[in-house]
**Student:** 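Once you've had a glance at the structure underneath, I'll fire off some questions.
Just so we're on the same page: letters track the sequence lines, and every chain starts at 1. Just so you know, these numbers come straight off a predicted model, no measurement behind them.
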Amino acid sequence: MLDVKFIRENLKAVKENVHARSVGNADPDAVLSLNQRRVELIQQVEGLRKERNENAQKMKGQRPQEERAPLIARGKELKEELASLEVELGTVENDLNRELKNIPNMTHPDVPIGGEEDAKELERMGKLPEFDFEPKDHLALGKELDLIDFESAADLSGSRFYFLKNEAALLELALINYAMTVTTRYGYAPHLTPDLARPAILEAIGFNPRGEETQVYNVEGHDLCLIGTAEITLGGMLAGKIVRKEELPIRLGGFSHCFRTEAGTHGRESRGLYRVHQFSKVEMFAFATPEGSEELHTEMLEIEKEIYNGLEVPFRVVETATGDLGAPAYRKFDIEAWMPSRNNYGEVTSTSNCTEYQSRKLNIRYRNDENQTQFVHTLNGTAVAVPRAIIAILENHQNPDGSVTIPKALRPFMGERERIGK
RNA sequence: GGAGAGGUGGCCGAGCGGCUGAAGGCACCGGUUUGCUAAACCGGCGUAGUGGUAAUACCGCUACCGAGGGUUCGAAUCCCUCCCUCUCCGCCA
């Protein structure tokens, strides 16, 4: 979330930003009026508390009854006045937080204005495959090579679940190993994270853990959600901590399963591996100083490019436009891999600089050179999201005989096998 | 899941209704001393909100001793619920 003071002092810019990002339910004016009410209440409450404390001080030690009686009576009055004001203050603070959550992060000046179609293509890498035969989509390949079983999974778990079988199972493990190896080389300390987390953490990261349109699963009877990404657990790992400046940047690499309800996407991408309820992912996460975060963002993008270059999959890099940024992101780059079945590029990674938007809520700070505490910047980026990587590999590396060539980078993790099938 | 013991500042650790925002130690920062290092000595050293203010300087007030409720004129201290840690038992990959 943004700092209320920042909103007050930059109201015009905040409103323009809300507009550019087309966030309909964000109301900066409501934030300010609620905050004003909050400050008034704080002043009243603190005045009463001061009086209460003074009153109580007068009763230290032994006092004759006739001296105590009026003080106790006054104390009781103060207690009642305080109680009702504190209730009101609590309500106002809840309302304020709700409004504050709706205000998105500010936006990097280079971000293109607009919606999905206004994303800016930054570069293309790799050569699009030219097939002199009719290429198959990953569903057909997955079936014919006995790699993916959607039908059985649908019976067990519902639509958008899948079994990975045989070489596809090994392919997942190889992709994870490969991504972990690359990120570790760049100093991202490898982590295997919990797949469940408390809703308060999800919320601080910017997810909506509860409510109709929630993207995450809740576990009935427990105060837990299945995580949608390791960003949640890696970011939450330092919640409430103050780190030393010398420790920054902190680079973390994390593997987790990711669970998404995909609420509101019924009918879209309903077949195949593109949009599924559960998948494996290796994620990068970093805590940085404000001065260091942009450079780190570039680094994450470079790592993502290296990984996809290694998979020998053609892709393009796009910068997301304002209207398509999630609330916490200040700036976001996506890699879109070529997917022959779509005859188009499909998003396979995403890296965001969230500046202080998450750390303010998570309360993660560091001491700057003046020894003052300051919020760290947080960044996240996909190293490998397995199912989409599998789509790109199967579809781009298919051969006329129906087999699929395994990219060289993955072979060390697959017993040096070179192809799947025949 | 059952029984017990705990959760206090960056760390260790005292406190167990008003004298405690919190002793003492370590770490850290400044200074004295010193051939250098070490040691010793002196001083400083939590976070946040709010008010005064040009001020992220300084001063005042308020809050914070795992979280949330309660009792009380007054709670780190008493009570309740929850979370977490440790020991033992059970169960289990």
Side-chain angles (χ1 to χ4, degrees), chain A residues 1-10 31-97 100 192-204 209 218-225 233 236-248 250 257 287 289-291 356 359-377:
Chain A
M1 59 183 181
L2 290 183
D3 186 1
V4 180
K5 280 187 197 143
F6 177 87
I7 297 175
R8 197 203 309 144
E9 286 158 18
N10 302 278
V31 168
L32 292 190
S33 64
L34 281 165
N35 186 244
Q36 200 184 338
R37 181 71 189 129
R38 171 180 155 269
V39 169
E40 287 165 13
L41 285 167
I42 284 175
Q43 287 172 14
Q44 290 176 45
V45 164
E46 292 195 344
L48 285 175
R49 282 178 183 161
K50 185 184 177 188
E51 206 179 331
R52 176 198 64 192
N53 292 348
E54 286 167 353
N55 189 253
Q57 282 297 309
K58 291 180 193 152
M59 259 182 284
K60 285 199 304 200
Q62 293 292 99
R63 283 290 140 107
Q65 195 49 236
E66 61 271 23
E67 223 176 283
R68 290 174 60 91
L71 291 174
I72 289 176
R74 179 64 188 139
K76 286 187 175 175
E77 273 172 39
L78 286 168
K79 187 154 71 165
E80 276 178 34
E81 287 175 52
L82 252 178
S84 68
L85 277 178
E86 279 171 345
V87 168
E88 197 181 343
L89 179 59
T91 311
V92 170
E93 285 185 333
N94 278 342
D95 292 350
L96 176 61
N97 282 334
L100 214 40
L192 302 180
T193 95
D195 288 339
L196 288 86
R198 296 218 161 87
I201 299 291
L202 293 258
E203 211 165 294
N218 282 268
V219 182
E220 188 172 351
H222 298 267
D223 194 29
L224 288 169
C225 304
T233 42
M237 211 161 61
L238 291 185
K241 295 274 196 315
I242 301 176
V243 299
R244 287 200 310 252
K245 189 181 179 186
E246 306 85 79
E247 296 174 75
L248 297 174
I250 296 171
H257 294 105
F287 302 93
T289 59
E291 307 79 59
E356 334 181 324
S359 63
R360 178 169 288 109
K361 197 76 188 283
L362 289 165
N363 198 223
I364 304 174
R365 292 165 297 172
Y366 76 102
R367 285 186 193 286
N368 64 17
D369 293 328
E370 285 75 50
N371 212 243
Q372 298 160 146
T373 57
Q374 199 171 336
F375 291 109
V376 301
H377 280 196

**Student:** For B:C19 versus B:A63, give the span between their P atoms, rounded off to a whole number of Å.
**Tutor:** 13 Å
**Student:** Return one dot-bracket line describing RNA chain B 5' to 3' (Watson-Crick or G-U wobble pairs, both distances under 3.5 Å; ( ) same strand, [ ] crossing, | another strand, . none).
**Tutor:** ((((((((.[[[..)..(.....]]].(((((.......))))).(((((((.....))))))).[[[[[..)....]]]]])))))))....
**Student:** For the pair A:R49 and A:E46, find out whether any cationic side-chain nitrogen is under 4.0 Å from an anionic carboxylate oxygen.
**Tutor:**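 No.
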**Student:** With heavy atoms under 4.0 Å as the rule, sort A:K5 into base, sugar-phosphate or nothing.
**Tutor:**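 Contact class for A:K5: sugar-phosphate only.
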**Student:** Considering heavy-atom distances to RNA chain B, does A:T373 or A:K76 have its closest nucleotide positioned more toward the 5' end?
**Tutor:** A:T373
**Student:** Say we look at B:C12 and B:A67: how far apart would their C1' atoms be, to the nearest angstrom?
**Tutor:**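 Straight-line distance between the two C1' atoms is 24 Å.
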**Student:** So which nucleotide from B:C19, B:C73, B:G49 ends up closest to the side chain of A:I72?
**Tutor:**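 Taking heavy atoms from C-beta onward, the closest nucleotide is B:C73.
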**Student:** Rounded at 0.5 Å granularity, tell me how far CD in A:E77 sits from CG in A:L48.
**Tutor:**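 So the gap between those two atoms works out to 11.0 Å.
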**Student:** What does the B/S/- profile of nucleotides 59-71 of chain B look like, 5' to 3', with a 4.0 Å heavy-atom cutoff to protein?
**Tutor:** --BBS--------
**Student:** Without decimals, in angstroms, what is the distance between A:L96 CG and B:U50 P?
**Tutor:** 11 Å
**Student:** Roughly how far apart, to the nearest Å, are B:A75 and B:U85 at atom C1'?
**Tutor:** 24 Å
**Student:** Using atom P in both nucleotides, what's the gap between B:U87 and B:G74 to the nearest angstrom?
**Tutor:** 41 Å
**Student:** Taking the side chain of A:I42 as its heavy atoms from C-beta onward, which of B:C19, B:C73, B:U50 lies nearest to it?
**Tutor:** B:U50
**Student:** Between B:G30 and B:C16, how far apart are the two P atoms, rounded to whole Å?
**Tutor:** 38 Å
**Student:** To the nearest angstrom, how far is A:R74 atom CZ from B:U72 atom P?
**Tutor:** 18 Å
**Student:** Between atom CG of A:N94 and atom CG of A:L89, what is the distance when rounded to the nearest 0.5 Å?
**Tutor:**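 So the CG of A:N94 and the CG of A:L89 are separated by 9.5 Å.
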**Student:** Measuring only the C1' atom in each nucleotide, how far is B:U72 from B:C80? A whole number of Å is fine.
**Tutor:** 16 Å
**Student:** Taking atom CG of A:L34 and atom CG of A:L100, what is their separation to the nearest 0.5 Å?
**Tutor:** 10.0 Å
**Student:** Rounded to the Å, how far apart are A:N97 CG and B:G49 P?
**Tutor:** 13 Å
**Student:** Is the backbone of A:R198 close enough, under 3.5 Å, to the side chain of A:D223 for a donor and an acceptor to pair up by distance?
**Tutor:** no
**Student:** In Å and rounded to the nearest 0.5 Å, what is the CG to CG distance from A:L238 to A:L362?
**Tutor:**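 Here the interatomic distance stands at 9.0 Å.
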**Student:** Rounded to whole angstroms, how far apart are CZ on A:R360 and P on B:U47?
**Tutor:** 17 Å
**Student:** Determine whether A:R74 and A:L78 satisfy the following criterion, side-chain contact (heavy atoms from CB on, under 4.5 Å), listing intermediate values before the conclusion.
**Tutor:** CA-CA 6 Å; A:R74 179 64 188 139; A:L78 286 168; 3.4 Å; yes
**Student:** Just how far, in rounded Å, is P of B:U47 from OH of A:Y366?
**Tutor:** 15 Å
**Student:** State whether A:K58 and A:E67 are salt-bridged, where the test is any N-O pair (Lys NZ or Arg NE/NH1/NH2 against Asp/Glu carboxylate O) under 4.0 Å.
**Tutor:**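 Answer for the salt bridge query: no.
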**Student:** Check whether any side-chain N or O of A:R367 sits under 4.0 Å from OP1 or OP2 of B:U47, and answer yes or no.
**Tutor:**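 For A:R367, the contact criterion (side-chain N or O under 4.0 Å from OP1 or OP2 of B:U47) is met.
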**Student:** Distance check needed: B:A48 P versus A:I364 CD1, whole Å only.
**Tutor:** 14 Å
**Student:** Taking atom P in both B:U37 and B:C28, compute the distance separating them and give it to the nearest angstrom.
**Tutor:** 16 Å
**Student:** Using atom CD1 of A:I242 as one end and atom C1' of B:C28 as the other, report the distance to the nearest whole Å.
**Tutor:**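 Rounding to the nearest Å, CD1 of A:I242 and C1' of B:C28 are 14 Å apart.
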**Student:** Any side-chain to backbone donor/acceptor pair from A:R38 onto A:V92? Under 3.5 Å, distance only.
**Tutor:** no
**Student:** Which one, B:A48, B:U50, B:C73, comes nearest to the side chain of A:M59?
**Tutor:**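 Given the options B:A48, B:U50, B:C73, the side chain of A:M59 is closest to B:C73.
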**Student:** Is the number of heavy atoms from other residues, nucleotides or ligands within 6.0 Å of CD (A:E80) greater than 12?
**Tutor:**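 Incorrect, the count does not exceed 12.
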**Student:** Does B:A48 have its OP1 or OP2 closer than 4.0 Å to a side-chain nitrogen or oxygen of A:R365?
**Tutor:** yes
**Student:** Mapping A:L71 and A:N363 to their closest nucleotides on RNA chain B, which lands nearer the 5' end?
**Tutor:** A:N363
**Student:** First locate atom CD1 of A:I242, then atom CG of A:N363, and finally report the distance between them rounded to the nearest 0.5 Å.
**Tutor:** 7.5 Å
**Student:** On the nucleotide B:G51, are OP1 or OP2 found under 4.0 Å from the side-chain N or O atoms that A:Q43 carries?
**Tutor:**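 The answer is yes; a side-chain N or O of A:Q43 sits under 4.0 Å from OP1 or OP2.
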**Student:** Between A:R68 (CZ) and B:U72 (C1'), how many Å, whole number?
**Tutor:**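 It works out to 11 Å between those atoms.
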**Student:** Can you tell which of B:C83, B:U50, B:U47 lies closest to the side chain of A:R198?
**Tutor:**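 Nearest to the side-chain atoms of A:R198, counting from C-beta on, is B:C83.
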